[in-house]
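Keep in mind that the numbers below use all heavy atoms, side chains included, and drop hydrogens, waters and symmetry copies.
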Amino acid sequence: MNRLTDALAAKFASPVRSTRLSVVLGRWLAFTFMVCFATGLFSHGLQNPPGWMFFLTRPIWIYQLTQGVHITSGIASIPLLFAKLWSVYPELLSWPPVRSVVHALERGSIGLFVSASLLQVLTGLINTYKWYPWPFPFRQTHYWLAWVIMGSLLLHIAVKLPLIAANWRRARGPADTELTTPEPADAELATAASGPADAELATAVPEAGRQHRVRSGSAARGAASRGWSRRGFLAAVGVTTGAVVLGTAGQSFAWLSPVNFFAPRKMGTGPQSVPVNRTAADAKVGPLAQHPGWALKVSYRGKSRNLTLSELAALPQTEHELPIACVEGWSQTARWRGVQIRDLVQAMGAEPESDLLVTSLEPEGAYRLMTMPAVYTADQKTLVALALNGEVLDLDHGYPARIIAPGRPGVLQTKWLQSLEIL
Amino acid sequence: MKTPIQHPIPESAPESEPAVSTPKFGTGVRTARIVLGLLGAGIAVYGLLGLPSQLGPAQLLGLLFWLACGVLLHDGILVPLTSLAGAGLNRFTFGLGSASAAVLRGALMAGAMMSLLTGILLRAQSVARNTSVLEMNYLTHLAWLWLALALGTAVVIYLLERRAGRRLSRAGVSQQKTRS
């Protein structure tokens, strides 16, 4: 069996693989994972707020930024994760697979870490496409797997800490073969002078002298006759990561919109130049929203008032430029016009700093009911919007009236309003 | 100019990896490992226990299936395929310098990654129902990307090889002068 695994390891040997490479890639990946985790927790907290949750209404683009960063760093994690796993692939083939109980636990935790990470980044990406080919709920699974991954990451760091510390920096000192590693041009000279094999060996073998593990020993040396260096590999991973980021981040950040060629969303598209996540047809809300007798019910302590569309339009109107930012990462800044929600609350005799229960006309749906914390109700930029970019709201954007508030996830910007209950 | 050391390879090179000389760490590192390990294990268990609180048995089984498939696809197909591609490149880039080979491999890596993303995009596009999602012609964009990569790579490799040729000529001239 040893021979078989050695033979397999030889097949997958590469002089590029080393502990130093894994440590560098691990740093990059840990950074994107931690950014993803922090921004993801913030988004989750806004949607399912614990008692201590803080809500920010300024800057108005706070959620646009955090969720854009969440999705973009998640996408950046994909090539980084592939590269990191490639760098340690021969470890998979090590024999015997389990040497002790502790070793079994370590391998088990790594198996969990790897499988959860692969699933997390790929389902996260596909979720932004509004495509759900899996048999489990995305949001809950994404949330709990994030904890599993972060825990596994810390555990992995704990296990590998001595190796990480030993390879955190490039080796220095008299034995530092980095000093003797030929620059690309030098390597090419050596190639011409003594054949490609020698030149590449001169590049690759010093890795071993630097006491970085060149995985699979002699097999790697055999493969070292051609290929590329660690720096070349890292540069390629950096370029690849940059390419996926540049090609997709324009859905979240306007300054990258001109090079947005591979994101599922594009700014300026959709009705009234604003993309739509849930259409009126999806929500089965068309007839209810277009009913001529529609009125917004506002209630407080047993009193209630029904405001027709013309009555709402007759109230003082305010216009604000606000971004709408979705959990899928896309965002779009637009001009929203409507009634300040704090005016409606005060008209009912309540304090502007009141929580609200907002109900949509949608017959069903996870976001039919929405609770609005007082900080948003009191904000002057929070509107019951009736118009978008100078036109009456499109049906897909929530006609006849919808909520728009600064710094909230798009799913909480309730469309097709039915009632506002002041709590 | 630095002279590369030609490291001799022992005939009986060890099959296993060279031992890593790990520096000795004090109690600080040991403490950090214990704290990180316990914290990590606790957080991972918290996540694992949270899953069944919101997912039913059938959904959990589905999740396990997807977790297993992800690893199998990656470790069983993707990595072996990339290794095969790398082995093929070893022959293809035999005459190129290491910098040129790295540029070629880097371009192929970026193109392959974008192709993988585009493949998923196209599959999602075929089942999309929403009018303002997945609107772009991703296949055309991918074709343009490959064209740009091919042109960019060709130009960079041409420049690198030309520079290497000039250096080689200079080195050859200086060697002749030394001999004479």
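- The parts of B/Asp75 that come within reach of chain A are both its backbone and its side chain, each placing non-hydrogen atoms under 4.5 angstrom from that chain.
- Neither the backbone nor the side chain of A/Phe113 comes within contact range of chain B, judged by heavy atoms closer than 4.5 Å.
- Of the atoms belonging to A/Val237, heavy atoms from both backbone and side chain fall under 4.5 Å from chain B.
- At a 4.5 Å heavy-atom cutoff, A/Ile149 makes no contact with chain B through either its backbone or its side chain.
- Interface residue A/Leu112: only side-chain heavy atoms are found under 4.5 Å from chain B.
- The contact between B/Met109 and chain A is made by backbone and side chain atoms together, counting heavy-atom distances below 4.5 Å.
- With contacts defined as side-chain heavy-atom distances shorter than 4.5 Å, the pair A/Tyr89/A/Leu85 does not qualify.
- Contacts of A/Trp131 with chain B are made by side-chain atoms alone, with heavy-atom separations under 4.5 Å and no backbone atom involved.
- Residues of residues 141-159 of chain B lying within less than 4.5 angstrom of chain A, judged on heavy atoms, are B/His141, B/Leu142, B/Leu145 in numerical order.
- Only the side chain of B/Leu55 comes within contact range of chain A, judged by heavy atoms closer than 4.5 Å.
- Interface residue B/Leu78: only side-chain heavy atoms are found under 4.5 Å from chain A.
- For a residue to count as touching a neighbouring chain, one of its non-hydrogen atoms must lie under 4.5 Å from one of that chain's; by this rule B/Thr140 does not touch chain A.
- Contact count versus chain A (heavy atoms, under 4.5 Å) is highest, among B/Gly50, B/Ala44, B/Gly70, for B/Gly50.
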